[in-house]
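All heavy atoms count here, side chains included; hydrogens, waters and symmetry mates do not. Residue indices begin at 1 and follow the sequence shown.
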Amino acid sequence: TITYRAEDAAGNAATCTFYIEVIDTEGPVIVCPGNEFTFATDYNECTWTAPHGMLSPLMANSNCPATISYDISGATTASGFGDASGQPFNLGTSQVVYTITDDADPTQIWSCSFNVTVLDQQPPMIATCPYSVEQTAPAGTCSATITLTLPDVSDNCTASPTITYMIYYSHYFGGQAGPFASTELEQVFPVGWNRVEWIVADDYGNTAFCSQSVQIEAPEPELYAGGNQSVCETAGSYTFSGAIAENVFNIQWVSLGSGSFTGEGTLTPTYTFSAEDILAGFAVIDMMATNCYGYEEYDMMFLYISKQPIANAGQDATICEGEDFVLTGAAANHYESVIWTSSGDGTFNNEYALNPTYSPGSADIASGVATLTLTAIPASGSACDPAISTMTLTINPAISIAVGTITPTQCNVSVGQVFLTSSDGSDITLMGVGTQSSPATFSGLSAGYYTAVTTGACPGEASFNIINTNSTLAAT
């Protein structure tokens with residue numbers, strides 16, 4: 001309101017009044033900092049808080065006093081006055097609306113808006129990766145069953161991150177397996193160094209990794225071919241026993257000789273030796289197998305092949321009572337020693353000699369026969385049996401000639417006579433005179449010394465004198 005007053009010198013005054021009204025017709029203006037903003041969550045937080053001035057309006061202008069306010073909707077709900085910087089924003093997209101309002105005229109307003117998107121880009125946290133595992137595989141195997149433990153994990157936005165894992169097997173086994181869920185913790189690991197890669201993922205695609213080693217030691221391999229063995233050539237083959245193969249696989253037997261195997265993939269193969277093996281007297285045998293690491297294990301043994309002794313006591317023979325017998329026809333091979341035995345009561349001059357002399361005993365003579373046995377004994381350690389051969393020695397009884405009555409001769413007249421009888425009834429030959437059946441009478445004999453013999457295997461013999469009349473007869 002404006003009042004004018006006029007006054008003259010006499011003090012007379014007059015006034016008039018009029019009104020001036022000022023109207024604000026200029027609205028306020030506000031400009032947002034942009035249209036779209038994307039930020040990662042703050043470290044170890046599931047929100048993003050705008051730093052000071054980060055979200056301030058680029059311009060807020062009013063010719064008259066005005067108030068700035070903001071409203072946030074969407075993933076984040078908030079409102080306030082002034083700058084929205086410093087306000088925590090949740091994951092997702094939030095819309096920020098700035099409004100400037102003329103204080104004198106609330107109808108004079110201006111608004112702008114922009115989006116703030118907050119992303120979780122922080123990988124999960126693995127506080128503790130499982131410790132390395134070292135274990136020996138059970139006997140007879142090349143692997144061990146291990147129950148794994150989960151890593152200790154956390155995440156800024158996901159309460160329970162997803163845990164999976166991959167297995168990268170040792171180079172002895174090769175390959176990989178997985179991914180496995182956190183509920184599948186029992187796994188079989190081969191020998192060697194295996195690697196478990198743990199994978200931790202949150203709900204927003206962020207992952208973290210850590211590695212755990214699983215070292216499986218192979219059990220100590222044991223391979224034993226059974227030690228050196230002996231076999232006789234007559235067996236033709238040898239079946240192994242006593243071999244040991246622990247913690248190895250793919251058993252194989254081979255010979256450095258020229259024989260052949262059957263069942264060479266087992267602990268009890270059979271080796272058929274060759275003529276060359278027999279001639280050499282042995283075969284070198286190798287037992288081979290593969291250990292858990294893929295390397296070959298070996299054990300060697302000698303298979304000694306003994307020659308079978310051969311004995312030949314000789315042909316059957318016949319001797320006469322009172323004679324000794326020399327075993328010249330006996331022979332033997334591949335022996336260490338020999339020994340002779342008799343079925344009767346005779347004696348050998350050396351029963352350990354190959355060609356001894358045998359003297360029949362009275363029982364031998366009485367029975368008329370003795371069985372002589374030659375035993376060829378193999379060398380010590382030989383697997384062969386002794387060789388045995390027999391021969392029959394027939395002992396014919398001695399034949400005697402009984403000299404009976406002797407008739408002397410006379411001078412110049414051959415009238416001597418003798419009566420002879422053989423003990424076995426065989427013919428009797430009077431040397432220079434003739435042969436007669438027993439009993440025999442030889443006549444017409446002149447004086448002299450006579451010898452009579454029998455025929456047969458063991459001839460008897462007797463001698464006597466024919467003398468002239470009145471001479472004494474002596475017979476032997």
Side-chain angles (χ1 to χ4, degrees), residues 36-52 54-55 72 74-78 85-94 115-138 141-219 292-293:
E36 297 286 342
F37 294 93
T38 301
F39 301 101
T41 58
D42 294 329
Y43 183 71
N44 283 350
E45 300 289 341
C46 200
T47 59
W48 173 76
T49 300
H52 177 71
M54 185 73 181
L55 299 180
I72 304 173
T76 306
T77 301
S85 299
Q87 172 67 44
F89 283 83
N90 297 326
L91 281 178
T93 300
S94 302
N115 291 330
V116 174
T117 299
V118 177
L119 302 177
D120 178 14
Q121 296 179 337
Q122 179 179 332
M125 201 80 137
I126 302 177
T128 304
C129 200
Y131 293 115
S132 298
V133 175
E134 292 185 9
Q135 187 166 316
T136 300
T141 70
C142 288
S143 61
T145 300
I146 303 296
T147 300
L148 300 171
T149 57
L150 295 171
D152 183 11
V153 302
S154 62
D155 188 70
N156 59 323
C157 290
T158 303
S160 298
T162 300
I163 301 175
T164 58
Y165 64 94
M166 294 286 297
I167 297 176
Y168 298 91
Y169 295 113
S170 70
H171 71 275
Y172 301 111
F173 183 80
Q176 65 186 55
F180 298 100
S182 59
T183 55
E184 302 174 88
L185 295 178
E186 186 174 273
Q187 296 289 346
V188 176
F189 289 87
V191 296
W193 184 83
N194 304 276
R195 182 169 65 90
V196 178
E197 183 180 72
W198 293 98
I199 307 162
V200 183
D202 62 18
D203 294 343
Y204 304 98
N206 301 302
T207 55
F209 304 86
C210 77
S211 291
Q212 173 190 16
S213 68
V214 178
Q215 179 75 32
I216 305 299
E217 296 290 339
C292 288
Y293 298 109

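- Taking the side chain as every heavy atom from C-beta outward, Phe180 and Val196 never approach each other to under 4.5 Å.
- Side-chain N or O atoms of Tyr293 include none that pairs as donor or acceptor with a backbone N or O of Val191 at under 3.5 Å.
- Of the N and O atoms on the side chains of Thr93 and Thr117, at least one donor lies less than 3.5 Å from an acceptor on the other residue.
- In this structure, Thr158 contributes its side chain and Asp203 its backbone to a donor-acceptor pair below 3.5 Å.
- When side chains are defined from C-beta on, Met125 does not count as touching Asp155, because their heavy atoms never get closer than 4.5 Å.
- In this structure, the separation between OG1 on Thr47 and CG on Asn90 is 7.0 Å, given to the nearest 0.5 Å.
- Considering all non-hydrogen atoms of both residues, Cys157 and Leu91 come closest at SG-CD1, 3.5 Å.
- Listed by chain and number, the residues in a side-chain contact (heavy atoms from CB on, under 4.5 Å) with Ser160 amount to none (sequence neighbours excluded).
- When each of Phe37, Tyr43, Phe39 is tested with Trp48 by the rule ring pair (Phe, Tyr, Trp, His ring centres under 6.0 Å), just one qualifies, namely Phe39.
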Candidate pair Ser143 and Phe189, rule side chain to side chain contact (heavy atoms under 4.5 Å, CB included), full reasoning: CA-CA 5 Å; Ser143 61; Phe189 289 87; over 6 Å; no

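- Between the OG atom in Ser170 and the CD1 atom in Ile216 there is a gap of 9.0 Å [rounded to 0.5 Å].
- Residues Pro124 and Ala208 share a closest heavy-atom pair of O-CB, 3.3 Å.
- Residues Thr38 and Leu119 form a side-chain contact, since some pair of their non-hydrogen atoms from C-beta on lies under 4.5 Å apart.
- Of all non-hydrogen atoms in Thr49 and Gly86, the two that sit nearest each other are CG2-O, 3.4 Å.
- Atoms OG1 and CG, on Thr207 and Asp202 in that order, are 8.5 Å from each other to the nearest 0.5 Å.
- Remark: Phe209 engages no residue in a ring-ring contact (aromatic ring centres under 6.0 Å, His included) (not counting sequence neighbours).
- The closest side-chain heavy-atom distance from Tyr165 to Pro179 is not below 4.5 Å.
- Not a single donor-acceptor pair under 3.5 Å links the side chain of Asn194 to the backbone N or O of Ser213.
- When atom types are taken as modelled, the side chain of Gln212 and the backbone of Tyr131 share a donor-acceptor pair closer than 3.5 angstrom.
- Closest approach of Phe173 and Pro190 over heavy atoms only: CB-CG, 3.4 Å.
- The distance from atom CZ of Arg195 to atom CD of Gln176, rounded to the nearest 0.5 Å, is 9.0 Å.
- Put simply, the side chain of Met166 reaches to within 4.5 Å of the side chain of Ile199, judged on heavy atoms.
- In the model, Asn115 has a side-chain atom that pairs as donor or acceptor with a side-chain atom of Glu36 under 3.5 Å.
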Enumerate donor-acceptor pairs with a distance under 3.5 Å from any side-chain N or O in residues 145-153 to protein atoms, sequence neighbours excluded.
none

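- Shortest non-hydrogen contact noted between Pro130 and Trp198 is CG-NE1, 3.5 Å.
- Remark: side-chain polar atoms of Glu45 are not paired, donor with acceptor, to backbone N or O of Asp42 under 3.5 angstrom.
- The CH2 atom of Trp193 sits 8.5 Å away from atom OG of Ser132, with the distance rounded to the nearest 0.5 Å.
- When the options Asn44, Asn206, Thr41 are evaluated for a side-chain hydrogen bond (donor to acceptor under 3.5 Å, both in side chains) with Gln122, the one that passes is Asn44.
- The backbone N or O of Met54 lies less than 3.5 Å from a partner atom in the side chain of Ser85, making a donor-acceptor pair.
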